[in-house]
Amino acid sequence: MLLCPVIGKLQHKRVVLASSSPRRQEILSNAKDLRAPDVVIGADTIVAVGGLILEKPVDKQDAYRMLLRLSGKEHSVFTGVTIVHCRSKDGQLDTEVSEFYEETTVKFSELSEELLWEYIDSGEPMDKAGGYGIQALGGMLVEYVRGDFLNVVGFPLNRFCKELARLYRAPGAPGAPRRVQRDSIPAVHTFEELGDADAEGSGSGPAPANAGREAGGVRPRAPRTREADLNGVTDSQPPLLAGLLELMYGFKASKVLLTACKLNVFDVLKDRGPLTAADVARKIDASVGGTEHLLDICAALGLLDKSDRGYSNTETASLHLASDSEQSLHGLAAYHDGPVWGAFTQLGRAVREGAAWTPEPLPQAPHERSTEETLQFMRASHGLSKLTAQHVATAFDLSPFTSACHLGGCTGALAHKLVQEYPRLQVTVFDLPEVVKLAGDFQTDAQPSERVHFVPGDLSSDSLPPADLYVLCSLLHDWPEDRLHGLLSRVSGSCKPGAGLLLAELAPAEEEAAGGAARRPPGLRTLGTGRRPRGPGRYQRLLQRLGFQDVQAARAGGLLHVVLGTRAAP
Ligand SMILES: O=c1[nH]cc([C@@H]2O[C@H](COP(=O)(O)OP(=O)(O)OP(=O)(O)O)[C@@H](O)[C@H]2O)c(=O)[nH]1
């Protein structure tokens, strides 16, 4: 493909690079003209290794941890790119969005401590995804690269040019752009004025299709759809239809995954070469035909690899679906296959009869739980906590605090990570008596520590243990507004001036955070709340209203966002 004429398509266009990365500015320097935009280009680079996502290190220790993780191993670098084409028509800004991502594999040599610290002390890692700059000193750490080198630096120029070529082809031609979104939005002078997906109230119900913010006197108008543009002749399906079919079929995929977990398929295949269906069937004590069918669907879902020699686990399956792996979500799968599945199969009856029904049945009805049910819930929570604890503990520097209380801290997985990270810190885990009683059965990644104490109690009614930092993690995402406000007010009331409140909650998927899901169903992780997931902005405003100051938000790995505020003097 001839590339130069393609990048030249941008030459006379007003291009905004929606990125502060100096590397991206350099890579695209020939294509920019900083007047009001015709095209906006955004990009984000992350590094993925062993199921973990590494962004930019927050400090030297963080850089050290990242580089250590990469040492001697292959990792993937992903850069996601969004291209927004803007056109002003009848006073409206008409936008068309296309997006893609590129993956490059990079292998690091084994890194000695000395080399690691010399490199960290050069200062180069700090503003780089994964903590290294391949184009400079970081190049010395790299054994080989498979894929686009510039993708690692932060911008996949080759793929970008190919996308441009597709975009500037005549509409309808083979390979013409996949339209991700085409909406008319009010013309505005700057892009900061565009809608805030996380604006007040967006958490209390699905936003209307034309949801947006009134800013600078600009009033949102009803969107003119692509269909309207074409006088009723449509060449694309309404966005909800694809989602609708996914929703209809989705339970089948869930049940396959949950069943394979329950039958220990991923345990049998872990650390072994490919096994035939007959081998697996023998080990899980099941029929050969049925097992083969199950394994084939798992392979189609991307959970297993299938070759002439048989079936083997994907890296993700070994990491998260085998029961004995460090980052296992086997307990979470069992919880969903058991009580959550059971609750959903009762949905019709519960709706008809008006019985209490919730998609997360156990936390809401603690008094009705048997010991085994409590354990099942704790195993689910423990797996997720172990997976996210490191990110939550290090999203902010918590070293100024000497005592913390993790409310609903369950097995203490996060508490142990916190004391491991902060040598001065004492952590109280506050949870229901039956949970505290069983917490000793669970092993955490970190060494058991005398600086972690368990206190039984109910956080909605009992007085909270004193602490200068309160922590709430993955608890509030499916709580209704009144319950959320009630708990946060209680916590705020227990905070002395200078005390902190750290909230870690499920992050809405990127597109939901950007408002792109306004016409799609809400994220599955918060299913049952009937509202779109709350973004960090919403928690920030809540804390500010409750008298917290310096409220900051950060991303903690791929799953959570974290918000930290300090209680102001009354
Ligand atoms: O080998 C290299 N790997 C990565 C980089 C640079 O790292 C950052 C990645 O961070 P991000 O995608 O968040 O981009 P930002 O700089 O924060 O800019 P935004 O405003 O777009 O968020 C990026 O700068 C890469 O160039 C590198 O230099 N070498």
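Counting starts at 1 for both ligands and their atoms, in listed order. Remember, it's a predicted structure, so these values are computed and weren't measured experimentally.
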[X]: numbered ligand 1 atoms lying under 4.0 Å from its heavy atoms:
X	result
Ser20	18 (O), 19 (P), 20 (O), 21 (O)
Asp44	11 (P), 12 (O), 13 (O)
Gln135	1 (O), 2 (C), 27 (C), 28 (O), 29 (N)
Ile134	1 (O), 2 (C), 29 (N)
Gly133	1 (O), 2 (C), 29 (N)

Exercise for review: Give a yes/no verdict on a cation-pi contact between Arg567 and Phe548, requiring under 6.0 Å between NZ or CZ and the six-membered ring centre and an angle within 45° of the axis.
Suggested key: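 Yes, Arg567 sits over the ring of Phe548.
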Check your understanding: So among Arg69, Glu74, His75, which one has a side-chain contact (heavy atoms from CB on, under 4.5 Å) with Phe108?
Key ->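 With Phe108 as partner, side-chain contact (heavy atoms from CB on, under 4.5 Å) holds for just one option, His75.
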Practice item. Report the residue from Asn151, Thr79, Val153 that forms a side-chain contact (heavy atoms from CB on, under 4.5 Å) with Thr104. Key: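 So the option named by the test is Asn151.
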Nearest non-hydrogen protein atom, [atom]:
atom	value
atom 4 (C) of ligand 1	Val152 O, 3.4 Å
atom 6 (C) of ligand 1	Arg23 NH2, 3.5 Å
atom 21 (O) of ligand 1	Ser19 OG, 2.6 Å
atom 7 (O) of ligand 1	Ala129 N, 3.0 Å
atom 14 (O) of ligand 1	Arg24 NH1, 3.1 Å

Exercise for review: Using a 4.0 Å heavy-atom threshold (strictly under), name the region of Lys128 that reaches ligand 1: side chain, backbone, both or neither.
Suggested key: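 Near ligand 1, Lys128 shows its backbone as well as its side chain.
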Exercise for review: Specify side chain, backbone, both or neither for Asp127, according to which of its non-hydrogen atoms lie closer than 4.0 Å to ligand 1.
Suggested key: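 Backbone only.
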Point to revise | Pick from Gly154, Ser21, Ala18: the one approaching atom 23 (C) of ligand 1 most closely through a non-hydrogen atom | key: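 That would be Ser21.
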Practice item. Identify which of Lys56, Arg555, Glu124 has a heavy atom lying nearest to atom 10 (O) of ligand 1. Key: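 Residue with the shortest heavy-atom distance to the ligand atom: Lys56.
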Please report the shortest heavy-atom distance between [X] and [Y], naming the atom on each side.
X	Y	answer
Ala413	Ser385	CB-CB, 3.7 Å
Leu67	Leu111	O-CD1, 4.0 Å
Leu414	Ala389	CD1-O, 3.7 Å
Gly535	His561	C-CE1, 3.8 Å

Atom pairs and distances, donor-acceptor, side-chain atoms in residues 115-123, under 3.5 Å, two or more places apart:
residue: Tyr119; atom: OH; partner: Glu124; partner atom: OE2; Å: 2.5
residue: Tyr119; atom: OH; partner: Gly133; partner atom: N; Å: 2.9
residue: Asp121; atom: OD1; partner: Lys60; partner atom: NZ; Å: 3.0
residue: Ser122; atom: OG; partner: Tyr119; partner atom: O; Å: 2.5
residue: Ser122; atom: OG; partner: Glu124; partner atom: N; Å: 3.2

Exercise for review: Examine ligand 1 and decide if any of its atoms is less than 4.0 Å from a heavy atom belonging to Ala43.
Suggested key: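 The answer is yes: ligand 1 sits under 4.0 Å from a heavy atom of Ala43.
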Check your understanding: Between Tyr422 and Phe401, is the gap from one ring center to the other below 6.0 Å?
Key ->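 So the answer is no for these two rings.
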Review point. Does an N or O anywhere in Val153 fall below 3.5 Å from an N or O of ligand 1?
Key: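 Val153 vs ligand 1: N/O contact under 3.5 Å present.
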Practice item. Please check if atom OH in Tyr101 has more than 12 non-hydrogen atoms from other residues, nucleotides or ligands closer than 6.0 Å. Key: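 No, the 6.0 Å shell around OH holds no more than 12 heavy atoms from other groups.
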